[in-house]
Amino acid sequence: MSKIKKHERTRAQESSNAIERMYITMRHLFNRGFYKPMGVSGETLREALLVLRPEIYGSIADEKAELEGLLYVIDRLPIGIEECRFINLTSDEGYANSHFEAIIPPKRRRNCYRIDAEQMNIEITRGRSEIYDILTHLTFLFVESHKIFKRVVIDDKGSTTRDWIKLEAAVLSKKKLTKPEREIAITHTANILGRTFKELTDVYPVFATAKHPERLLEIVYWLGKLAIDEVVNNNKRTVTFSPVLRERLGHHIHGERWANTIKETLKANGLLSRPIHIVSANLHSVMNTLYAPQALKTLSAKKNIFEVYEALSSSENENLRNKVTQKALQQGMIYIKDSSGTNINVQIFDTAKFDISHTDLGIKKQKESNENKPVLFVMDYAFGEQAYETIDEFLKPFGEGKDKIHLNIESISIMGKAGILEGGKGDIMIPSAHIFEGTADNYPFKNELKKEDLEAQGVDVYEGSMITVLGTSLQNKDILKFFNMSTWNVIGLEMEGAHYQKAIQAASKVRGSINPDVKVRYAYYASDNPLETGSTLASGGLGTSGVKPTYLITRKILQQIFN
């Protein structure tokens with residue numbers, strides 16, 4: 001008798017299932033209005049995260065503490081969140097006009113407010129993706145805090161180890177620590193975290209800020225203290241979602257405000273009926289490409305243009321950046337600082353006000369009359385589902401009834417950062433389709449950008465499908481290998497592509513708001529390779545290696561628009 005082969009689930013299938021469970025659980029908790037991350041209600045989230053073991057969170061499933069993952073998370077959450085027992089996710093509810101000072105995390109544009117010693121409010125204005133992002137990071141943080149608790153509490157009454165007593169004394173001490181005192185505290189902390197003295201000494205300065213030079217010690221202490229309080233005294237940490245947030249989410253309130261402000265500005269400047277080209281990119285590459293050769297003539301004559309771009313991206317060259325900005329504002333650039341809550345600032349370039357042949361893009365002087373010259377509308381990066389909300393609102397006709405104006409959108413170009421599955425940091429990806437993670441929803445399209453447009457420039461270029469993920473911190477090697485090796489032929493992962501394409505397709509093919517043959521361009525440069533240990537997002541940014549691909553893509557987009 002032949003043995004029946006038992007069907008065993010692969011790690012990729014388990015991971016995919018864990019992501020789906022997290023997604024459903026987070027939506028359920030949001031509808032419920034509150035949950036206790038380390039209680040019964042948070043159990044599914046914790047378990048799913050430990051099954052998934054995302055690459056970005058390193059050793060989350062081990063006994064020892066995870067340092068790179070901790071830094072990644074802390075950079076995306078408000079300073080002081082580790083001290084708060086109550087975390088309240090709110091909509092834009094007027095805190096900007098109060099005495100509360102906005103705390104903006106270094107790596108995420110969001111307003112957070114410390115209400116009192118125990119409570120932190122985080123303002124959600126960028127849709128569900130932002131909630132998933134925060135809840136995943138908080139789950140990681142709380143799992144790490146309980147590792148600390150397990151290593152320092154020695155009985156049911158809450159008695160602690162000598163290491164913990166020494167760490168507490170160092171953190172609560174009002175005076176500045178001397179080098180020997182700091183090293184003694186690091187020794188005790190290394191014991192608590194299950195890490196070496198060297199590992200902690202290496203990451204210590206990366207956690208430090210001007211106001212909090214001993215920030216790593218403070219984070220470890222407060223994470224541990226709240227975990228001890230939670231287990232010993234049953235004072236559970238709680239995450240709540242404000243009633244206004246639950247009522248507003250999904251209604252495009254911020255996206256509509258944002259889009260209307262831009263259309264009003266276009267109307268006020270007589271640009272509403274001109275051919276419009278939308279570019280979603282960072283807010284320096286288009287401006288620098290158009291104006292740097294003129295604004296920095298001397299530097300451009302001495303250096304290769306990519307060296308000029310590198311100089312402009314260096315933090316110490318603010319005077320160079322100011323010169324380019326001044327030139328841009330004199331020659332047709334309008335800057336709109338966001339006041340809608342989307343955190344997406346905008347630049348509008350009226351190309352009738354400058355001579356495109358003065359750039360180094362090899363474009364001849366435009367022959368069209370001023371009324372037919374293109375308008376470039378450059379928007380800063382959206383975040384996840386927010387990409388759908390903003391583009392969907394912008395592509396709608398402006399005004400009501402008989403006065404309704406359909407915008408003349410000629411092209412939409414999306415340049416973004418993405419994780420790559422075949423090459424390395426700084427390489428370029430040209431997608432032929434976007435696929436939604438967790439579903440088989442797919443959006444094939446004709447991409448005006450081709451692999452050969454960007455080849456032979458000293459950067460590797462890959463072409464294929466891209467997967468739009470629910471969150472960058474929800475991936476592991478097994479699931480990424482499956483995407484890459486299967487017939488889906490996925491070359492990279494990002495968070496906005498399918499959302500943009502869904503809005504573009506609806507407006508052009510279904511709702512008839514814009515030209516059905518609108519040209520689309522997508523290109524991404526690799527910020528990390530999540531399949532390579534040491535090359536994930538947690539291992540740090542791109543540095544100057546991101547300059548060349550960013551500008552190669554920007555230049556090609558502009559050449560296609562003007563030619």
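Here the structure is a predicted model, which is why all the values come from computation and not from measurement. Side chains are part of it too, since the values below use all heavy atoms of this structure and drop only hydrogens, waters and symmetry mates.
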Do [X] and [Y] have a side chain donor and acceptor closer than 3.5 Å?
X	Y	answer
Thr178	Glu181	yes
Glu385	Ser129	no
Glu494	Thr468	yes
Asn121	Gln119	yes
Asn88	Thr240	yes
Tyr551	His284	yes
Asn288	Ser285	no
Tyr221	Glu168	yes

Does the ring centre of [Y] sit less than 6.0 Å away from the ring centre of [X]?
X	Y	result
His212	Phe207	no
Tyr522	His434	yes
His499	Phe436	yes
Phe241	Phe34	no

What residue among [options] forms side-chain contact (heavy atoms from CB on, under 4.5 Å) with [X]?
X	options	result
Arg21	Val51, Leu52, Leu49	Val51
Val490	Leu421, Asn484, Leu480	Leu421
Glu82	Leu226, Ile74, Leu70	Ile74

Between [X] and [Y], which heavy-atom pair has the shortest distance, and what is it?
X	Y	answer
Ala12	Phe482	CB-CB, 3.9 Å
Met415	Thr550	SD-O, 3.5 Å
Met379	Leu283	C-CD2, 4.2 Å
Asp75	Pro105	O-CB, 3.7 Å
Leu45	Met22	CD2-CE, 3.9 Å

* Apply the test side-chain hydrogen bond (donor to acceptor under 3.5 Å, both in side chains) to residues Asn476 and Ser15: give CA-CA distance (whole Å), side-chain angles for both, the deciding distance (0.1 Å), then the verdict. => CA-CA 8 Å; Asn476 66 25; Ser15 304; 2.8 Å; yes
If I take atom [atom1] from residue [X] and atom [atom2] from residue [Y], how far apart are they, to the nearest 0.5 angstrom?
X	Y	atom1	atom2	value
Ile81	Leu223	CD1	CG	10.0 Å
Phe483	Met466	CZ	CE	12.0 Å
Trp164	Thr189	CH2	OG1	9.0 Å
Arg46	Phe140	CZ	CZ	15.0 Å

Going by an N to O cut-off under 4.0 Å, is there a salt bridge joining [X] and [Y]?
X	Y	result
Glu230	Arg237	yes
Glu218	Arg215	no
Glu389	Arg126	no
Glu130	Arg108	no
Asp133	Arg110	yes
Glu214	Arg182	yes

* Asked: Would Lys225 and Asp229 satisfy salt bridge (charged side-chain N to carboxylate O under 4.0 Å, His left out), going step by step from the backbone distance to the final call?
  -> CA-CA 6 Å; Lys225 184 173 168 56; Asp229 196 32; over 6 Å; no
* To do: May I have the step-by-step check of salt bridge (charged side-chain N to carboxylate O under 4.0 Å, His left out) for Asp380 and Arg109, ending in yes or no?
  => CA-CA 12 Å; Asp380 208 344; Arg109 291 171 306 200; 2.7 Å; yes
* Checking Glu14 side chain against Arg11 main chain: does a donor-acceptor pair fall under 3.5 Å? -> no
* Using 30° and 60° as the class limits, which term best fits the ring planes of Tyr132 and Tyr23: parallel, tilted or perpendicular? -> perpendicular
* Could you tell me which residues satisfy side chain to side chain donor-acceptor pair (under 3.5 Å) with Ser340, sequence neighbours excluded, listed by chain and number? => Asp338, Thr342
* Can you spot which of Thr238, Asn233, Asn234 makes a side-chain hydrogen bond (donor to acceptor under 3.5 Å, both in side chains) with Lys236? => Asn234
